[in-house]
**Q** 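Handing you a structure now.
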Amino acid sequence: MKNERKRPEIFERMGLTRKNLFIFAAGIISILLGYFSLAIGKTNDVWSLTIGPVLLVLGYVVLLPVALAYKDKSHHPEK
């Protein structure tokens with residue numbers, strides 16, 4: 001019981017676990033890398049035409065929604 005820390009109330013109500021936070025962080029990193037690759041590439045470069053948009057779509061359309069919708073099957077919040 002010493003190592004048990006109380007999670008913030010918002011995490012309890014939403015059912016967010018550590019896996020959700022890691023997926024969310026991966027989404028934020030993907031978005032930042034996407035914008036960075038758009039900034040460093042020239043107009044007709046592979047970075048600004050392909051890699052940047054793919055990273056942005058991965059972050060905004062895949063990772064962030066998955067982070068909010070993912071429910072851990074082993075996690076059962078107390079009622």
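In this text, all values refer to a predicted model and were calculated from it rather than measured experimentally.
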**Q** Minimum heavy-atom separation for Pro65 to Gly59, with atom names?
**A** CD-O, 4.4 Å
**Q** Any side-chain heavy-atom pair from Asp45 and Ile40 closer than 4.5 angstrom?
**A** no
**Q** Let me check something: do Tyr60 and Leu32 share a hydrophobic cluster, defined by ILVMFWY side-chain heavy atoms less than 4.5 Å apart, either directly or through other members?
**A** yes
**Q** Check step by step if side chain to side chain contact (heavy atoms under 4.5 Å, CB included) holds for Val61 and Leu56.
**A** CA-CA 8 Å; Val61 178; Leu56 289 172; over 6 Å; no
**Q** Rounded at 0.5 Å granularity, tell me how far CG in Leu55 sits from OH in Tyr35.
**A** 12.0 Å
**Q** Same cluster or not: are Ile31 and Val57 linked, directly or through other Ile, Leu, Val, Met, Phe, Trp or Tyr residues, by side-chain heavy atoms under 4.5 angstrom apart?
**A** yes
**Q** With a 4.5 Å heavy-atom cut-off, do Leu58 and Leu63 have their side chains touching?
**A** yes
**Q** What distance separates Lys71 NZ from Asn20 CG, expressed to the nearest 0.5 Å?
**A** 7.0 Å
**Q** Has the side chain of Ser37 got a donor or acceptor atom that lies under 3.5 Å from a matching backbone atom of Gly34?
**A** yes
**Q** Please check if the number of heavy atoms outside Tyr70 that lie under 6.0 Å from its OH is greater than 12.
**A** yes
**Q** Measure the shortest side-chain to side-chain distance between Ser30 and Leu64 over non-hydrogen atoms and say whether it is less than 4.5 angstrom.
**A** no
